[in-house]
2 protein chains.
Amino acid sequence: MNTPIETSPPPPPRSEHDHQKCVSEAIGTAEHLCVVRGVQLTPIRHQVLELIWESHKAVKAYELLDRLKPLQSAAKPATIYRALDFLIEQGLIHRVESLNAFVGCSSSGHQHEQLLLICKHCNEVEERPATEVMQALSQELDQAGFIVHSKAIEIHGICIKCVALCNEQD
Amino acid sequence: MNTPIETSPPPPPRSEHDHQKCVSEAIGTAEHLCVVRGVQLTPIRHQVLELIWESHKAVKAYELLDRLKPLQSAAKPATIYRALDFLIEQGLIHRVESLNAFVGCSSSGHQHEQLLLICKHCNEVEERPATEVMQALSQELDQAGFIVHSKAIEIHGICIKCVALCNEQD
DNA sequence: AAATCGGATGTTATATTATAACTCCCGTTA
DNA sequence: TAACGGGAGTTATAATATAACATCCGATTT
Ligand SMILES: [Zn+2]
Ligand SMILES: [Zn+2]
Ligand SMILES: [Zn+2]
Ligand SMILES: [Zn+2]
C-alpha cells in the first residue's frame with residue numbers, strides 16, 4: 001500500500017491506437033488464410049477468435065468460455081479447447097505457456113514464432129519479430145545440434161506504457 | 001506405426017556421462033547456497049531436490065509427489081508445491097512453463113535465466129547460457145523500453161543424442 | 001520458566017486447467 | 001442409399017494448483 005496506483009482498479013488499455021484496425025486486420029487475414037488453406041473458420045471458431053481479439057491481453061480458456069456462452073449456449077470446455085486448438089494450428093493465436101492463456105497473433109501468415117513481451121501490470125502481450133535474437137538463437141541451436149519443432153520465448157515484466165504510469169512500485 | 005523406434009518403451013537416458021557428479025554438484029551447491037543465504041534446505045526440500053535430480057528429465061509435480069510419499073507419508077500436493085516454490089525462489093530448479101514441469105538448474109548461483117532445450121523424444125532438458133542470444137535479447141528489450149522481471153525461453157525439438165537414434169520419424 | 005513469534009509443515013477442501021470417450025449431425029462422395 | 005469425415009454436443013474425469021486454517025517447533029524475549 002505504498003502508492004495509490006498499486007490498488008487502482010483498471011489496468012490501462014492500450015490507449016493510443018485504433019484497435020478496430022487490429023481486429024479487422026486479424027479477422028480478415030484469418031478468413032483469408034482459412035479459405036486458402038481449405039479449412040473451416042466455423043461460426044464458433046470465428047467467435048472465439050473475435051473474443052480473443054477484444055483486447056491485446058492474454059485471456060484464459062474458461063474466461064473465453066464464459067464470454068462465448070451467451071453466443072453459444074451449448075458451449076462447454078471442449079468447445080473452447082477445440083476452437084483454441086484449431087486457431088493455434090492455423091497460427092492465428094498464440095498460447096502463452098507461462099500464463100496458460102491465449103492471445104491473438106499479430107503476424108498470422110508471416111513468421112509466427114516471435115518474442116512475447118508480457119506486461120504484469122496491464123496484462124497485454126506484445127509480439128516482436130526480434131530478428132537478431134532469432135538469428136542468434138538459430139545459430140545457437142545449430143551449434144547444439146538441436147532440431148527445433150517449436151519455440152516459446154516469453155518475457156515477463158512491465159511494458160513501456162505502464163513504466164510511465166508506475167515508476168516506484170511492483 | 002512407421003518404425004519400430006516409434007513404439008520402443010524407454011527413452012534413452014543421457015548415456016555417456018557421470019550423473020552422480022551432476023547430482024553431487026547440484027546438491028552440494030544447493031546446500032552451500034542455502035547456508036550462505038540463511039534459508040533452510042529442510043529434509044523435505046532436500047528430498048524433493050534429490051528426486052528432481054534423479055534425471056535430467058522434466059518432471060511433473062504429482063509425479064514428484066508419488067515419489068516423495070514413500071519418504072514422507074504425510075505428503076500432499078501442498079507439500080510438493082511449497083518445496084517447489086522454495087527451490088524456484090532459490091534458483092535451484094527451473095519451472096518448465098510449456099510442460100508444467102520442473103527440472104534441476106545446472107547453474108545455480110550463476111546466471112539463472114538460460115535457454116532450455118527440451119527434447120520431445122527423451123524428455124531431457126538441456127540448459128544453455130547462450131550469451132549471444134541473451135545479449136541480443138537484452139538489446140531488443142531495451143529498445144522496446146520493457147522492464148524485465150523474468151524470462152522463459154523454451155525450445156522444443158529433438159536433442160542431438162536422439163537425432164542420432166531416430167532419423168526418419170517424429 | 002512462560003510468553004511470544006515466525007517459519008515450516010499438516011490437513012482439508014476446492015479452484016483451475018485440460019482431455020477422454022462417445023454420440024449426433026450434416027454434407028460429400030462412392 | 002451407404003459409407004465416410006469433420007465438426008460439434010455431451011458427460012465424465014484427469015491433471016494441475018491454491019486457499020485457508022491448524023499445528024508444531026525452535027529461537028527470542030520477558
Ligand atoms: Zn489493438
Ligand atoms: Zn503494461
Ligand atoms: Zn547428469
Ligand atoms: Zn532427446
Side-chain angles (χ1 to χ4, degrees), chain A residues 30-31 33-35 37-49 51-52 57-90 92-103 118 123 152 154, chain B residues 30-31 33-49 51-52 57-90 92-103 123 152 154:
Chain A
E31 289 169 347
L33 285 176
C34 287
V35 169
R37 294 171 182 170
V39 296
Q40 302 177 50
L41 191 59
T42 62
I44 288 177
R45 293 166 177 175
H46 198 281
Q47 286 165 349
V48 171
L49 185 60
L51 289 173
I52 289 176
K57 298 181 198 305
V59 55
K60 301 285 202 159
Y62 277 72
E63 187 190 330
L64 284 173
L65 179 53
D66 289 340
R67 284 156 54 190
L68 181 63
K69 274 178 179 163
L71 310 173
Q72 294 286 342
S73 55
K76 300 271 186 316
T79 315
I80 281 292
Y81 282 106
R82 283 167 179 162
L84 292 170
D85 285 348
F86 171 86
L87 295 170
I88 290 168
E89 273 170 20
Q90 297 301 321
L92 303 175
I93 65 174
H94 293 285
R95 180 181 160 84
V96 184
E97 300 290 352
S98 49
L99 295 178
N100 295 331
F102 305 86
V103 71
I118 302 157
N123 206 32
E154 304 183 357
Chain B
E31 288 169 346
L33 286 176
C34 287
V35 169
V36 167
R37 295 172 181 169
V39 296
Q40 303 176 51
L41 191 59
T42 61
I44 288 177
R45 293 165 175 176
H46 198 282
Q47 285 164 351
V48 171
L49 185 60
L51 290 173
I52 288 175
K57 299 182 199 304
V59 56
K60 301 284 202 159
Y62 278 72
E63 186 190 330
L64 284 172
L65 178 54
D66 288 341
R67 284 158 51 192
L68 181 63
K69 274 177 178 162
L71 310 173
Q72 294 285 343
S73 54
K76 300 271 185 315
T79 315
I80 280 291
Y81 282 105
R82 283 167 180 160
L84 292 171
D85 286 348
F86 172 86
L87 296 170
I88 289 167
E89 271 169 23
Q90 297 302 320
L92 303 175
I93 64 173
H94 294 284
R95 179 182 161 85
V96 184
E97 301 289 353
S98 49
L99 294 177
N100 295 331
F102 306 86
V103 71
N123 206 33
E154 305 183 357

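Order of the sequence lines fixes the chain letters, A, B, ..., with proteins taken first and strands second; residue numbering starts at 1 for each chain. The basis for the numbers below is simple: all heavy atoms, side chains too, and nothing from hydrogens, waters or symmetry mates.
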The residue among A/Glu89, A/Arg45, A/Gln90 that forms side-chain contact (heavy atoms from CB on, under 4.5 Å) with A/Val39 is A/Gln90
- Item | side-chain contact (heavy atoms from CB on, under 4.5 Å) between B/Thr79 and B/Val48, intermediate numbers included | CA-CA 10 Å; B/Thr79 315; B/Val48 171; over 6 Å; no
Side-chain heavy atoms of B/Leu68 within contact of B/Ile80, under 4.5 Å: yes
Here the pair of heavy atoms bringing A/Lys69 nearest to A/Ala75 is CE-O, 3.7 Å
Rounded to whole Å, the CG-P distance (A/Leu84 to D/dA8) equals 12 Å
Rounded to whole Å, the CZ-C1' distance (A/Phe86 to D/dG5) equals 16 Å
To the nearest 0.5 Å, atom CD of B/Gln47 lies from atom CD of B/Gln72 at 4.5 Å
Taken to the nearest whole Å, CD1/A/Ile88 to C1'/C/dA18 is 12 Å
Separation of C/dA18 atom P from A/Asp85 atom CG, nearest Å, is 10 Å
Value for NZ (A/Lys60) from CG (A/Leu65), rounded to nearest 0.5 Å, stands at 14.0 Å
| request: Quick one: do B/Phe86 and B/Leu41 satisfy side-chain contact (heavy atoms from CB on, under 4.5 Å)? Show the steps, please. | output: CA-CA 9 Å; B/Phe86 172 86; B/Leu41 191 59; 4.0 Å; yes
Are any of A/Thr42's side-chain N or O atoms less than 4.0 Å away from OP1 or OP2 of D/dA8?
-> yes
Tabulate protein N/O versus nucleotide N/O from nucleotides 9-12 of chain D, keeping only pairs under 3.5 Å, one per line.
{"residue": "D/dG9", "atom": "N7", "partner": "A/Arg82", "partner atom": "NH1", "Å": "2.9"}
{"residue": "D/dG9", "atom": "O6", "partner": "A/Arg82", "partner atom": "NH2", "Å": "2.5"}

note: B/Leu71, atom CG; C/dG10, atom P; distance rounded to Å ~ 13 Å
Check: Does A/Gln40 make a side-chain N or O approach to OP1 or OP2 of D/dG6 shorter than 4.0 Å?
Finding: no
In this structure, CG of A/Leu49 is separated from CD of A/Glu31 (nearest 0.5 Å) by 9.0 Å
When rounded to the nearest 0.5 Å, the distance separating CZ of A/Arg95 from CG of A/Leu84 is 9.0 Å
Atom CD of A/Gln47 and atom P of D/dG7 are separated, to the nearest Å, by 16 Å
Please list, for nucleotides 15-17 of chain C, all pairs of protein and nucleotide N/O atoms separated by less than 3.5 Å.
{"residue": "C/dT17", "atom": "OP1", "partner": "A/Lys60", "partner atom": "NZ", "Å": "2.7"}

From NE2 of B/His46 across to P of C/dA8 the rounded distance in Å is 16 Å
A/Leu68 CG to D/dA8 P, in whole Å, measures 11 Å
